[in-house]
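Heavy atoms only: backbone and side chains are in, while hydrogens, waters and symmetry mates are out.
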Amino acid sequence: MYLADRRGTTAPASAAAAPGTRPGRRAAAVPGTVLALGAVSLITDVSSEMVSAVLPLYLLTGLGLSPLGFGVLDGLNNGVGALVRLAGGHLADRGRSGHKTVAAVGYGLSALCKPLLLLAHTVPLIGAVIAVDRTGKGLRTAPRDAMISLATEPEHRGRAFGVHRAMDTAGALLGPLVAFAVLRLAGGPLLADGGEKGGYDAVFAVSGCVAALGVLVLLLFVPGRQRGERAPSPAPASLRDAFALLRLPALRRLTVCAVLLGLTTVSDSFLYLLLQRRLGLSAQWFPLLPLGTAAAFLLLAVPLGALADRIGRRRLFPAGHGLLLLAYGLLLGPVSGDAVAVCVLLLHGAFYASTDGVLAAAAADAVPEGQRGAGLALVGTGQALARFACSLAFGAAWSAAGGTTALAWSAGALALCVAGAAYVLREPRDPSEVPS
């Protein structure tokens with residue numbers, strides 16, 4: 001038996017105690033399950049961000065991919081994962097220990113893809129590997145967030161998701177550093193400067209080993225069942241029943257706003273490419289740009305998650321996109337220099353800290369416990385598909401009119417969507433909007 005399966009979750013503050021806990025014990029604001037899942041995400045993100053930090057530059061300057069072609073591949077990071085995210089949440093709600101099982105399959109699939117990058121030397125093959133990797137991410141995201149929400153009391157969900165995202169972001173912070181170190185230790189200049197590909201192969205190999213460690217931690221230390229997880233149903237509901245959750249007013253409004261805001265959210269890779277060209281940075285320093293975003297996310301995830309618990313998660317979510325709008329404005333403004341770059345990266349990290357975990361916590365509030373995985377997957381799928389469409393549109397706009405013009409169009413659309421979402425996501429006055 002796995003170590004995790006012998007450990008109970010933290011007891012809720014109210015009547016019934018979780019398996020393996022003492023009756024009457026007060027629930028922790030951040031249960032052990034959240035910390036264990038945070039450790040898994042930290043390790044996995046080190047692996048993922050090692051690859052993400054070097055892949056844009058490798059594809060555009062090494063293989064000569066156009067911005068439009070990169071937009072298609074970058075869209076796979078969101079689009080392919082979105083297509084399977086709903087299925088992952090649905091399957092996780094149905095089986096015994098379903099959330100952990102489906103999450104483990106997703107993490108394992110992504111871990112297997114990292115070594116395959118050693119064999120993929122053309123754009124179509126790399127695109128196929130990315131698609132499989134994002135399939136794994138799509139499978140694991142909703143079950144993982146469902147486990148976090150089920151293990152945590154409702155009044156602490158913002159903080160719990162903030163802690164998890166902070167640990168996840170610590171991995172995102174370490175990943176580019178590890179990639180940079182591996183590239184330097186591998187010797188030779190980067191491919192973008194005319195060098196050999198050996199440094200990139202070393203990054204891909206180390207990334208695969210780190211990803212395998214994350215899967216091992218999940219299997220050993222994450223409990224098999226959570227407080228609100230239901231026993232398997234003898235007659236599993238269909239995906240059509242999962243879509244029926246959109247009849248819940250609060251979930252429907254949240255999903256619509258997540259989609260509209262996702263349609264105007266420029267992908268990280270494009271933002272870093274714009275920043276690199278604005279500053280004229282050397283290719284070898286490009287993998288370090290995500291560190292500014294990750295550092296701000298790491299520092300702000302917990303306090304902004306706690307703030308969401310106090311002022312309302314549906315209020316903070318559109319406000320976070322307002323921070324992203326400020327970052328776009330700085331990139332489009334006449335002022336340049338290192339100070340502008342630092343401010344853009346800080347605002348970018350603050351945007352993630354006030355939207356990523358906050359959206360998951362808000363979605364959990366709007367969905368009954370027995371359908372938590374499917375509900376979270378609905379919101380995440382809508383947002384991911386919207387960002388996929390944005391990557392395609394932004395890549396096409398960049399190719400046609402230039403990166404600055406494409407960003408100006410996106411900023412104008414984002415401003416309208418932020419105003420609309422702030423109005424739509426006002427706190428519900430009707431108690432019937434919130435599921436029991």
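Here CG of L150 is found 5.5 Å from NE2 of H99. Values are rounded to the nearest 0.5 Å. Considering CG of L119 and CD1 of I126, their distance stands at 11.0 Å, rounded to 0.5 Å.
Between the side chain of R159 and the backbone N or O of G305, no donor-acceptor pair lies under 3.5 Å. Counting only distance, with no hydrogens or angles, the side chain of D268 and the backbone of P290 share no donor-acceptor pair below 3.5 Å. A donor-acceptor distance shorter than 3.5 angstrom exists from the side chain of T381 to the backbone of A377, with no hydrogens or angles considered. In this structure, the side chain of K137 does not engage the main chain of D133 through any donor-acceptor pair within 3.5 Å. With hydrogens and angles disregarded, no donor-acceptor distance shorter than 3.5 Å links the side chain of T293 to the backbone of L289.
R426 forms a cation-pi arrangement with Y423, by the criterion of a distance under 6.0 Å to the ring centre and an angle within 45° of the ring axis.
Residues L125 and V129 are not in side-chain contact: their nearest non-hydrogen atoms beyond the backbone lie 4.5 Å or more apart. In this structure, S41 and Y107 have side chains that are in contact, with non-hydrogen atoms separated by less than 4.5 Å. Considering only heavy atoms from C-beta on, R313 comes within 4.5 Å of R157 through its side chain.
Under the rule for a side-chain hydrogen bond (donor to acceptor under 3.5 Å, both in side chains), the partners of R372 that lie at least two apart in sequence or sit in another chain are S149. Qualifying ring pair (Phe, Tyr, Trp, His ring centres under 6.0 Å) partners for F351, counting only residues two or more places apart in sequence or in other chains: H321.
Taking the six-membered ring where the residue is Trp, Y272 and H348 present perpendicular rings, their angle passing 60° and hence far from 30°.
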> Yes or no on side chain to side chain donor-acceptor pair (under 3.5 Å) for R140 and S110, after CA distance, side-chain angles and deciding distance?
Replying inline: CA-CA 10 Å; R140 71 181 184 247; S110 293; 2.8 Å; yes
> Is there a salt bridge (charged side-chain N to carboxylate O under 4.0 Å, His left out) between D145 and R165 once you walk through the steps?
Replying inline: CA-CA 11 Å; D145 286 349; R165 289 335 192 237; 3.1 Å; yes
>> I'd like to know whether S47 forms a side chain to side chain donor-acceptor pair (under 3.5 Å) with S207, so could you lay out the CA-CA distance, the side-chain angles of the two residues, the decisive distance to 0.1 Å, and finally the verdict.
In response: CA-CA 4 Å; S47 170; S207 173; 2.8 Å; yes
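Across every non-hydrogen atom of L376 and A364, the tightest pair is CD2-N, 3.9 Å.
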